[in-house]
Amino acid sequence: MLKDLVYSCRSYRRFYEEVKISREELKDLVELARMTASTANSQALKFKIIDNEADNEKVFETLGWAGALPDWPGPEAGERPSAYILILEDKALGKNKLTDVGITAQTIMLGAVEKGYGGCMLANIRRDNLAEAFAIDPEQYGIQLVLALGKPKEEVKVVPVGADGKVAYYRDQNQVHYVPKRSLEEVLI
């Protein structure tokens with residue numbers, strides 16, 4: 001079952017925007033994250049749920065969507081996430097908790113897939129703008145990641161890395177999103 005979740009947990013960047021995720025489901029995802037391991041048990045990560053159209057637009061305006069697709073500005077209206085979870089680091093409780101951020105982000109994404117949703121972890125954030133939009137005090141909280149969530153509207157296919165060795169994701173003319181992955185033999189040392 002975990003294997004199925006991991007194989008289904010891709011980075012989705014286009015969604016059925018009209019399919020909403022309930023506040024209760026979003027809180028369930030944060031609850032999963034709350035129960036993960038934490039460096040020195042500091043529990044320094046905090047979460048902000050964004051789940052209404054006006055606030056979603058504020059978040060969307062602060063994000064860069066696909067570094068490997070420089071001509072694509074992100075999903076069009078109607079294909080944007082229906083919710084976001086901001087992962088913040090409470091600076092009073094610890095700093096540089098990147099391992100914790102990764103663990104909680106992946107846990108939330110796996111939980112989203114289990115519920116029939118998908119998402120994308122975004123670190124290309126205009127943090128100052130996002131902090132200002134939601135009155136997040138940058139002296140108290142560092143914005144680590146934004147998790148964009150919704151019902152996926154695109155097909156994402158994992159393919160082997162080609163002979164050229166390129167690992168950048170790409171799209172075809174039908175907007176199928178391809179993600180090259182190295183083979184098991186290539187990653188085992």
## Note on the structure
Minimal heavy-atom distance between Leu147 and Ala105, with the atoms involved, is CD2-CB, 4.0 Å

### Task
Mind jotting down which residue pairs meet the side-chain hydrogen bond (donor to acceptor under 3.5 Å, both in side chains) criterion with at least one end in residues 15-26? Sequence neighbours excluded, please.
Ser22-Glu25, Arg23-Asp51, Glu25-Tyr117

### Task
Could you pull out the closest heavy-atom pair between Ile21 and Ala83, with the gap in Å?
CD1-CB, 4.4 Å

### Task
For Leu188, look at atom CG and say whether over 12 heavy atoms of other residues, nucleotides or ligands are found less than 6.0 Å away.
yes

### Task
Evaluate whether atom CD of Glu132 has more than 12 neighbouring non-hydrogen atoms of other residues, nucleotides or ligands under 6.0 angstrom away.
no

In residues 67-82, what donor-acceptor pairs under 3.5 Å come from side-chain atoms, sequence neighbours left out?
residue : atom : partner : partner atom : Å
Arg80   : NE   : Pro75   : O            : 3.0
Arg80   : NH1  : Glu57   : OE1          : 3.1
Ser82   : OG   : Val19   : O            : 3.0

### Message
Could you tell me if the side chain of Ile50 sits less than 4.5 Å from the side chain of Ile85, heavy atoms only?
### Response
no

### Task
Say whether, by atom type as modelled, one donor and one acceptor occur between the side chain of Asn52 and the main chain of Ala54 under 3.5 angstrom.
yes

### Message
Ring of Tyr169, cation from Arg13 - is the NZ or CZ under 6.0 Å from the centre and inside 45° of the axis?
### Response
yes

### Task
Could you tell me which residues satisfy salt bridge (Lys or Arg N to Asp or Glu O under 4.0 Å) with Glu155, sequence neighbours excluded, listed by chain and number?
Lys157

### Query
Can you tell if the side chain of Arg14 reaches within under 4.5 Å of the side chain of His177, non-hydrogen atoms only?
no

### Query
Heavy atoms, side chains only, cut-off 4.5 Å: are Leu29 and Leu149 in contact?
yes

### Query
When you measure from the side chain of Lys91 to the backbone N and O of Pro138, does any donor-acceptor pair fall under 3.5 Å?
yes

### Message
I'd like to know whether Leu93 forms a side chain to side chain contact (heavy atoms under 4.5 Å, CB included) with Lys46, so could you lay out the CA-CA distance, the side-chain angles of the two residues, the decisive distance to 0.1 Å, and finally the verdict.
### Response
CA-CA 10 Å; Leu93 299 177; Lys46 306 293 181 183; 3.9 Å; yes

### Task
Check step by step if side chain to side chain contact (heavy atoms under 4.5 Å, CB included) holds for Phe134 and Val59.
CA-CA 9 Å; Phe134 293 97; Val59 175; 3.6 Å; yes

### Task
Decide yes or no for Cys9 and Gln106: does some side-chain heavy atom of the first lie under 4.5 Å from some side-chain heavy atom of the second?
yes

#### Entry: Min side-chain heavy-atom separation Arg10-Val113 under 4.5 Å
no

### Task
Following the transitive rule for hydrophobic clusters with a side-chain heavy-atom cut-off under 4.5 Å over Ile, Leu, Val, Met, Phe, Trp and Tyr, establish whether Met121 and Ile103 coincide in one cluster.
no

#### Entry: Non-neighbouring partners of Val6 that pass side chain to side chain contact (heavy atoms under 4.5 Å, CB included), sequence neighbours left out
Leu2, Leu110

### Query
Taking it one step at a time, do Ile87 and Phe47 satisfy side chain to side chain contact (heavy atoms under 4.5 Å, CB included)?
CA-CA 5 Å; Ile87 300 179; Phe47 307 88; 4.0 Å; yes

### Query
So Arg127 and Ile136, side chain to side chain contact (heavy atoms under 4.5 Å, CB included) or not? Walk me through it.
CA-CA 10 Å; Arg127 285 170 173 78; Ile136 296 169; over 6 Å; no

### Query
Does one hydrophobic cluster hold both Leu122 and Leu88, with members joined at side-chain heavy-atom distances below 4.5 Å?
yes

### Task
Would you confirm whether Thr104, through its side chain, and Val101, through its main-chain N or O, come within 3.5 Å as a donor-acceptor pair?
yes

### Task
State yes or no: do Ile49 and Leu45 share one hydrophobic cluster built from I, L, V, M, F, W and Y residues joined by side-chain heavy-atom distances below 4.5 Å, directly or via other members?
yes

### Message
Assigning hydrophobic clusters by single linkage (Ile, Leu, Val, Met, Phe, Trp, Tyr; side-chain heavy-atom cutoff under 4.5 Å), is Leu145 placed with Leu32?
### Response
yes

### Message
Using 0.5 Å steps for rounding, measure from the OG atom of Ser8 to the CD atom of Glu114.
### Response
11.5 Å

### Query
Shortest non-hydrogen contact from Pro152 to Tyr12?
CB-CD2, 3.6 Å

### Nearest atoms (heavy-atom pairs only) where Ala131 meets Ile143
N-CD1, 3.8 Å

### Query
What heavy-atom pair brings Leu98 and Gln144 nearest, and what distance separates the two atoms?
CD2-OE1, 3.8 Å

### Cluster check Tyr170, Val176: I/L/V/M/F/W/Y, side chain < 4.5 angstrom
yes

### Task
Ignoring hydrogens and angles, state whether a donor on the side chain of Thr62 or Asn129 is under 3.5 Å from an acceptor on the partner side chain.
no

### Message
I'd like to check the salt bridge (Lys or Arg N to Asp or Glu O under 4.0 Å) partners of Lys151; sequence neighbours left out, ordered by chain and number.
### Response
none

### Query
Is there a side-chain contact between Ser42 and Asp100 (heavy atoms, below 4.5 Å)?
yes

### Query
Partners of Val161 by side chain to side chain contact (heavy atoms under 4.5 Å, CB included), sequence neighbours excluded?
Val167, Pro180, Arg182

### Query
To the nearest 0.5 Å, what is the distance between NZ (Lys58) and CG (Leu130)?
10.5 Å

### Query
For Glu53, does the CD atom sit with more than 12 other heavy atoms under 6.0 Å from it, leaving out its own atoms?
no

### Summary
Output for pair (Thr36 OG1, Glu31 CD), nearest 0.5 Å, gives 10.5 Å

